[in-house]
Amino acid sequence: MPPSGRRPFLWGVVSLVATALLVVWITDFAIHAAPLGDLTLGLLLAGRAPFQGLTLAEALWTAVSRSAILLGAAIAAAIAIGVLAGAAFSFSRSGLVRAAAWAIGTVGASLPSFFWAMLLQLVVILVYLRTQRLLAPVSGGFGLDQHLILPAIALAMRPAAYIFRTTATALDEARHAPHVVTAWAKGLGPSLVARRHVARNAAPAVLAGMALGAKTALSSLAIVEFVFTWNGAGYAFILSVATGNVAFASAIALVFAVALALMGGLVGLATRAMNVSAR
């Protein structure tokens, strides 16, 4: 039986503390056991110190806040695209459109984020060579302007595909549930059925898909920031590992671990609340 009362909260705190200690130990062990300064990564990052002159707290806050902006933009775009595309897929009657959309979603979920990042850079470069028009900067670091466009799109591609597939499957199952068929037979309007029965019953699964998409974006953050030289927490983690900065690397890894744990806990609570309200 699942634990009751305060035990889930206690076990959550214990697991979070254990995760934090494990992350710090693994980061410290990796840096000292296999120093990367003389390897290719260290050579690529030689001389780069975007957070030089800042204290650990200031550097951590700067890096995390920049990554939060990029991550928030990517997740917002992924949710908008994935949910709208999933709803259109579910209510579409064209078999050809449904097959094409599902194939595109499968490809989007299968290809890694660094592929989308490099592909976007290549497209922008080719367009510039042909038209002398720069659609968006392909690198250049942090910036709340056009610098945000390509990293956000690259980071949003896989989460959008996951959210699309989850939304489409959940809405398809909800549309063919017995009580929905009964509601159609009673003559209820399409909008009322879609809102009261289909959307409400599909909401927990859609929320789970959003959580999976958000976790996917967070796990791909470092490589996307590195490709676009976005000076956030992911880029700073790679830099600190390559230069042997144990304190900064451990702090960033700890922030990532806590973010994933909190995200999972919040999604679990929200899903439970939706299941209760749907009854």
Side-chain angles (χ1 to χ4, degrees), residues 19 23 26-27 30 36 40-41 44-45 48 50 60 63-83 85-86 104-124 136-143 147-167 207-242 248-249 251-264 266-267:
T19 301
V23 165
I26 290 177
T27 305
L36 301 178
T40 303
L41 182 61
L44 289 174
L45 297 176
R48 299 190 185 183
L60 183 63
V64 171
S65 61
R66 290 177 177 179
S67 291
I69 293 171
L70 175 59
L71 197 62
I75 293 175
I79 290 175
I81 295 172
V83 171
I104 294 173
T106 302
V107 171
S110 303
L111 294 175
S113 296
F114 72 83
F115 171 84
W116 295 113
M118 298 178 66
L119 179 62
L120 289 171
Q121 287 181 328
L122 179 61
V123 169
V124 170
V138 296
S139 63
F142 171 78
H147 289 84
L148 181 61
I149 297 175
L150 294 185
I153 294 175
L155 197 60
M157 294 299 293
R158 289 189 71 198
Y162 282 126
I163 295 172
F164 159 72
R165 289 163 61 89
T166 305
T167 302
L207 181 62
M210 293 180 184
L212 177 60
K215 291 181 179 180
T216 302
L218 186 59
S219 64
S220 305
L221 182 64
I223 187 62
V224 171
E225 288 189 352
F226 179 76
V227 171
F228 291 100
T229 60
W230 180 275
N231 297 331
Y235 178 80
F237 179 78
I238 296 176
L239 179 66
S240 57
V241 169
F248 199 18
I252 295 174
L254 184 57
V255 169
F256 282 165
V258 171
L260 286 171
L262 290 178
M263 189 181 301
L266 291 175
V267 170

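Note that the numbering runs from 1 along the sequence shown for the chain.
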Restricting to non-hydrogen atoms, name the atom on [X] and the atom on [Y] that form the minimum distance, rounded to 0.1 Å.
X: Ala136; Y: Val124; answer: O-CG1, 3.4 Å
X: Leu155; Y: Ala217; answer: CD1-O, 3.4 Å
X: Trp230; Y: Pro151; answer: CE3-CG, 4.3 Å
X: Ala253; Y: Phe237; answer: CB-CE1, 3.9 Å
X: Leu148; Y: Ala73; answer: CD2-CB, 4.3 Å
X: Leu70; Y: Ala152; answer: CD1-N, 3.5 Å

task: Would you check if the side chain of Thr229 reaches a backbone N or O of Phe226 as a donor-acceptor pair within less than 3.5 Å?
output: no
Nearest-0.5 Å distance, [atom1] of residue [X] to [atom2] of residue [Y]:
X: Phe228; Y: Leu150; atom1: CZ; atom2: CG; answer: 5.0 Å
X: Leu207; Y: Leu212; atom1: CG; atom2: CG; answer: 11.5 Å
X: Leu111; Y: Met157; atom1: CG; atom2: CE; answer: 8.5 Å
X: Ile252; Y: Ile238; atom1: CD1; atom2: CD1; answer: 10.0 Å
X: Leu221; Y: Thr216; atom1: CG; atom2: OG1; answer: 12.5 Å

message: Under the side chain to side chain donor-acceptor pair (under 3.5 Å) definition, can you give me all pairs with a residue in residues 108-124, not counting sequence neighbours?
response: Ser113-Ser220
- request: Only counting residues at least two apart or in another chain, list the ones meeting ring pair (Phe, Tyr, Trp, His ring centres under 6.0 Å) with Phe256.
  value: none
- request: Please identify each residue that fulfils side-chain contact (heavy atoms from CB on, under 4.5 Å) with Ala109, with sequence neighbours left out.
  value: Ala161, Tyr162, Arg165
message: Just to verify, what does Ile104 make a side-chain contact (heavy atoms from CB on, under 4.5 Å) with, not counting sequence neighbours?
response: none
Would you be so kind as to tabulate the donor-acceptor pairs closer than 3.5 Å made by side chains of residues 74-83, with sequence neighbours excluded?
none

task: Please name all residues satisfying side-chain hydrogen bond (donor to acceptor under 3.5 Å, both in side chains) with Ser67, sequence neighbours left out, ordered by chain then number.
output: Glu225
